[in-house]
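Read the structure below first, then the notes.
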2 protein chains.
Amino acid sequence: MRARIDVNEIYRAALQAFAEFGFRKTTVEDVAEKLNRTKGNLYFYVKDKRELYIKTVSFALERWQGRVRQAIAKEKGARNQLMAMCRKAVEYLAQDEELRNILKRDPDIFPMFPTVDPYESINRRSVRMIASILKKGVKEKVFRPVDVDKVSEVLFSIYKMVIIQTYIKTDEAYVQEMFDDTLDLLLNGLFVESERSQLGG
Amino acid sequence: MRARIDVNEIYRAALQAFAEFGFRKTTVEDVAEKLNRTKGNLYFYVKDKRELYIKTVSFALERWQGRVRQAIAKEKGARNQLMAMCRKAVEYLAQDEELRNILKRDPDIFPMFPTVDPYESINRRSVRMIASILKKGVKEKVFRPVDVDKVSEVLFSIYKMVIIQTYIKTDEAYVQEMFDDTLDLLLNGLFVESERSQLGG
DNA sequence: CACTGAATAATATATTAAATTGTTCAGTTA
DNA sequence: TAACTGAACAATTTAATATATTATTCAGTG
């Protein structure tokens, strides 16, 4: 009798298949073959094909989120943390082709306008990550005293917009320019100093 | 022999039908009946069903754009023009249920991430509208000297995001809050004064 | 000249059978 | 005895075909 397969190995194999063929066109057997098992055997590890897919995607999303979190942890001030977050998120995705393909095939994973979302908890964590940077920045008086919860939602939406452009558009340079201008706008705003309304505090 | 039908009457009739049933489920006869003609007769006015749809949608989009343009024309400074534009765009859509339904049924009309777009020329005009306000504002030294072309693209993307939320989300209050916070962020930015980088000029 | 209505072409829907794939599980194996 | 296989069965997809609906054309009418 063989040792139990490490679940992460299953997710890595499944990720390869799902990224190449998409959910509908990959068979449970495709995944089993990559692991040198039979399809029946996979049901020892996951309930059904759908669950395998959801857990595989979660695995990929969490790996991505983890890298971004690491990048943030390396920085001290809120200003640099916010910029590190944006940079790393785009940079990681540019390098993880499998995740890009998964997202391209199935945009509901990272929906611009979510209705119901099986990955909601992961996305909520991302929003909280933004919120905690904002909170820190407001406390440090680097950021204006904005409504942290609402603004982190707004930023997450804009963040999604840029991310989706990153894997939809093939034009690398275009995305980079868009990215820089968007970040500048969000940090500095449109108004010149004299026109700005400073929120209370 | 009857007088030629006014094309705008055709578009109004078609808009009713397309908004209620969608492109696929409305028949040319549905539209003809609203005009008290036979379906064959409509081919005297339009090439085919697809063209009828595209011209009908264009009619609705241009009416919308016209109202926004009027609202802008009433204002003097770039600052107020920008705010009037945002306000009117959302306000008009909230009131035009047919257009909302058309957009909800067929999101490709106003795509978050356009590939090919039959309404491109209309959307380009919207971007130019934003750009001209920005240009004026930079000249008046109300706005920072940003790259007008790029920033108007960025703003149009964010504008689309808010608009789509407006007809997707049923929750009126949520959209309004989102709208206010987004506008504040874009105008004033996140940084406190001392952290801001003023662009040259 | 604007229009009708019937003819025809093009699409969509429904039905059914055949093939593939997902899932279960009794029995095997290390 | 826990991990596994492979065959059995259920569910789903695909293919093939017939039927019905709808789009489009156009000769003829007022």
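Numbers restart at 1 for each chain; the letters A, B, ... are given by sequence-line order, proteins then strands. Only a predicted model underlies this, so the values are computations on that prediction, with no experimental measurement involved. Side chains included, hydrogens not; waters and symmetry mates left out as well; all remaining heavy atoms used.
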OP1 or OP2 of C:dT4 versus the side-chain N and O atoms of B:R2: is any pair under 4.0 Å? yes
Tell me whether the rings of A:F59 and A:Y11 are parallel (<30°), tilted (30 to 60°) or perpendicular (>60°). tilted
Selection from C:dT4, D:dT5, D:dT24 that lies nearest to any side-chain heavy atom of B:R37: C:dT4
Which one, C:dG5, D:dT24, D:dT5, comes nearest to the side chain of B:T38? C:dG5
Separation of D:dC26 atom P from B:L42 atom CG, nearest Å, is 17 Å
Whole-Å distance between D:dA23 P and B:N41 CG? 15 Å
Nucleotide D:dT5, atom C1' - distance to CD of A:E33 in whole Å: 15 Å
Using the six-membered ring wherever Trp is involved, compare the ring planes of A:Y92 and A:W64 and label them parallel, tilted or perpendicular (cut-offs 30° and 60°). parallel
D:dA23 C1' sits how many Å from B:E29 CD, rounded? 11 Å
In terms of the nearest nucleotide of DNA chain D, which residue is placed more toward the 5' end: A:K25 or A:G40? A:G40
Distance test, side-chain N/O of A:Y43 to OP1/OP2 of C:dT24, below 4.0 Å: no
Contact nearer the 5' end of DNA chain C, comparing A:T27 with B:I5: B:I5
Check whether B:F156 forms a cation-pi arrangement with B:R124 (NZ or CZ under 6.0 Å from the six-membered ring centre, at most 45° off the ring normal). no
Among D:dC4, C:dC3, D:dA23, which nucleotide sits nearest the side chain of B:Y45? C:dC3
How many whole angstroms separate atom CG of A:N36 from atom P of D:dA3? 18 Å
In whole Å, what is the span from the CZ atom of A:F44 to the P atom of C:dT28? 18 Å
Between B:K49 and A:R24, who's closer to the 5' end of DNA chain D by nearest nucleotide? A:R24
Quick check on B:K104: does its NZ atom have over 12 non-hydrogen neighbours (other residues, nucleotides or ligands) under 6.0 Å away? yes
What's the CD1-C1' distance between B:I10 and C:dC3, to the nearest Å? 13 Å
Anything under 30° is parallel, anything over 60° is perpendicular, the rest tilted; go ahead and classify A:F110 against A:Y159. perpendicular
d(CD, A:E51; C1', C:dT23) in whole Å: 13 Å
